[in-house]
Protein chains: 2
Amino acid sequence: MNVNAKKRGRPSRKGTALKPEMIIDTAKQLMVEQGKIPSIRQLATALQVDAMAIYHYFKSKAVLLEAVTTSLISDIYQPVVRVESGAEVATEWQAELHQLCLSYLHLLEQYPGLLETLLSMESEGPAEVFAQRFTIIVEPLELDPPAVESALALLVDYLHGFALAMNCNQDRDALNPQMIEGPLGLYCKAIFC
Amino acid sequence: MNVNAKKRGRPSRKGTALKPEMIIDTAKQLMVEQGKIPSIRQLATALQVDAMAIYHYFKSKAVLLEAVTTSLISDIYQPVVRVESGAEVATEWQAELHQLCLSYLHLLEQYPGLLETLLSMESEGPAEVFAQRFTIIVEPLELDPPAVESALALLVDYLHGFALAMNCNQDRDALNPQMIEGPLGLYCKAIFC
DNA sequence: GCCATTATTCTACAATGTAGAATTTATTCT
DNA sequence: AGAATAAATTCTACATTGTAGAATAATGGC
């Protein structure tokens, strides 16, 4: 007779019900705490629930991770829209871009595994979030569409490569988001010179 | 009595001995065939050997993968060193860089899992290979050291991000190395203008 | 009150990395 | 030559993982 055994079947008290939100939130928390994606069993333990209960809400672990990703991605920096005049155009967008990149990297650093999920996802939603905010920032530069496309591709993949390097490096301090300074400066020169 | 059971203990005939090279080669082959890193058991089966035999040569799977990586990385494009004159400087290095990038991406595409191993490795050796060849190519541009460093960082992480995207995308044709054209052009503009 | 639906736990399986012991052959020492 | 040691291999076993499928219990609609 297992001491820890819980009663089987649907729980009585209504408020006790497991909710998708709770699962997602706990998953996020464990990702931060453990620095990696938790196993379904670990997640279930944290929720004080049987592992299989989670599968009632998410058809597979991949689907759960996609939900986590979608929920997190909107937290990246939201650029401020300005009415710019003359000289400001040349500098403001760089600061905004810097901030967007840092917040994106910070997110990918805080939640290891997010990156791979993001890139594996069927839905383009999460990837679109960054693109959207990027577009807002470079809007005042009035680049032609193909140039914007190339610029976005170069930046996104650069950031993903950098994030991957951070995630793979075991010693946390060897690599941090501040180090994009040089490359990002070079990048800015490329798209506006 | 298992029909497939092999005799235990050290094999008699000398030539039969498993060699690290064989393990590495078979691992490479399976990576290409399966499009992912094989399990130790699969690798052992291909070698017609017990799984644990592999651990006699490599202390862990990670160490084996590092050996595979080190062995593969030297295959990337070796830039030709030229004596350039005047106008050629402005164009030749771009073609060389393009070729280097394509061969690097091709390698990372062909051997999924290589990227993560590369980035997780203690040894800087493999990472140095690309850096070395990059340096040869941009040498004639006579950039100052910090600029070279930034340029290398931007390019390497961009390529890693791109490679990761290729590896994560299940439909093979959605993403291929030819697509670096635009971003790479932009990049070249950045480092020499 | 009956029955379908919903939320949950339990049991079980196949795959994985790998520790540790057993076994057989090769090599080295005396 | 014989004994001891080392090397190369297979076997057995374990913990961890994702998840399929069945059993169980409460809820909600009729």
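Numbered from 1 within each chain, the chains take letters A, B, ... in sequence-line order.
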Quickly work out the Tyr57(B) OH to dT10(D) C1' distance and round it to whole Å. 13 Å

Using distance only, find each side-chain donor-acceptor pair of residues 117-124 of chain A under 3.5 Å and give its atom names and separation, not counting sequence neighbours.
unit_1: Thr117(A); atom_1: OG1; unit_2: Gly113(A); atom_2: O; d: 2.9
unit_1: Ser120(A); atom_1: OG; unit_2: Glu116(A); atom_2: O; d: 2.7
unit_1: Glu122(A); atom_1: OE1; unit_2: Gln170(B); atom_2: NE2; d: 3.2
unit_1: Ser123(A); atom_1: OG; unit_2: Gly125(A); atom_2: N; d: 3.0

In whole angstroms, how far is the P atom of dA26(D) from the CG atom of Leu18(A)? 18 Å

Which donor-acceptor pairs under 3.5 Å do side chains of residues 179-193 of chain B form with protein atoms, sequence neighbours excluded?
unit_1: Tyr187(B); atom_1: OH; unit_2: Ala151(B); atom_2: O; d: 2.6

The correct set of residues in residues 39-49 of chain A placing a heavy atom under 4.0 Å from DNA chain C is Arg41(A), Val49(A)

State whether the number of non-hydrogen atoms from other residues, nucleotides or ligands found under 6.0 Å of Glu139(B) atom CD is greater than 12. no

Protein-nucleotide distance (Ile54(B), atom CD1; dC11(D), atom P), rounded to Å: 14 Å

What is the distance from CG of Leu64(B) to P of dT18(C), rounded to the nearest Å? 10 Å

First of Ala53(A) and Lys61(B) reached from the 5' end of DNA chain C, by closest nucleotide: Ala53(A)

Pairs satisfying ring-ring contact (aromatic ring centres under 6.0 Å, His included), at least one member in residues 19-42 of chain A, at least two apart: none

Could you tell me how far apart Arg10(B) (CZ) and dC11(D) (P) are, to the nearest whole angstrom? 18 Å

With ring-ring contact (aromatic ring centres under 6.0 Å, His included) as the rule and sequence neighbours excluded, what pairs involving residues 103-127 of chain B come up? Tyr104(B)-Phe130(B), Tyr104(B)-His160(B)

Under 4.0 angstrom between Lys7(B) side-chain N/O and dT25(C) OP1 or OP2: yes

Would you mind telling me which residue lines up with the more 5' stretch of DNA chain C, His56(A) or Ala51(B), judged by nearest nucleotide? His56(A)

Mind checking side chain to side chain donor-acceptor pair (under 3.5 Å) for Lys28(A) and listing every partner two or more places apart, or none if nothing turns up? Ser71(A)

Report each atom pair, protein N/O against N/O of nucleotides 20-22 of chain C, whose distance is under 3.5 angstrom.
unit_1: dA22(C); atom_1: N3; unit_2: Arg8(B); atom_2: NH2; d: 3.1

Could you walk me through whether Met31(A) and Val68(A) pass the side chain to side chain contact (heavy atoms under 4.5 Å, CB included) test, one step at a time? CA-CA 10 Å; Met31(A) 281 171 83; Val68(A) 169; 4.1 Å; yes

Check: residues 40-52 of chain B side-chain donor-acceptor pairs under 3.5 Å, at least two apart:
unit_1: Gln42(B); atom_1: OE1; unit_2: Ser39(B); atom_2: N; d: 3.1
unit_1: Thr45(B); atom_1: OG1; unit_2: Arg41(B); atom_2: O; d: 2.9
unit_1: Asp50(B); atom_1: OD2; unit_2: Met52(B); atom_2: N; d: 2.9

Separation of Ile37(A) atom CD1 from dT16(D) atom C1', in whole Å? 16 Å

Going by purine N1 to pyrimidine N3 plus the second Watson-Crick contact, or the G-U wobble pair, all under 3.5 Å, which nucleotide sits opposite dT30(C)? dA1(D)

To the nearest Å, give me how far apart NZ (Lys36(A)) and C1' (dT17(D)) are. 11 Å

Atom-pair distance (CG on Asp50(B); P on dT24(C)), nearest Å: 15 Å

With sequence neighbours excluded, tell me which residues meet side chain to side chain donor-acceptor pair (under 3.5 Å) with Lys7(B). none

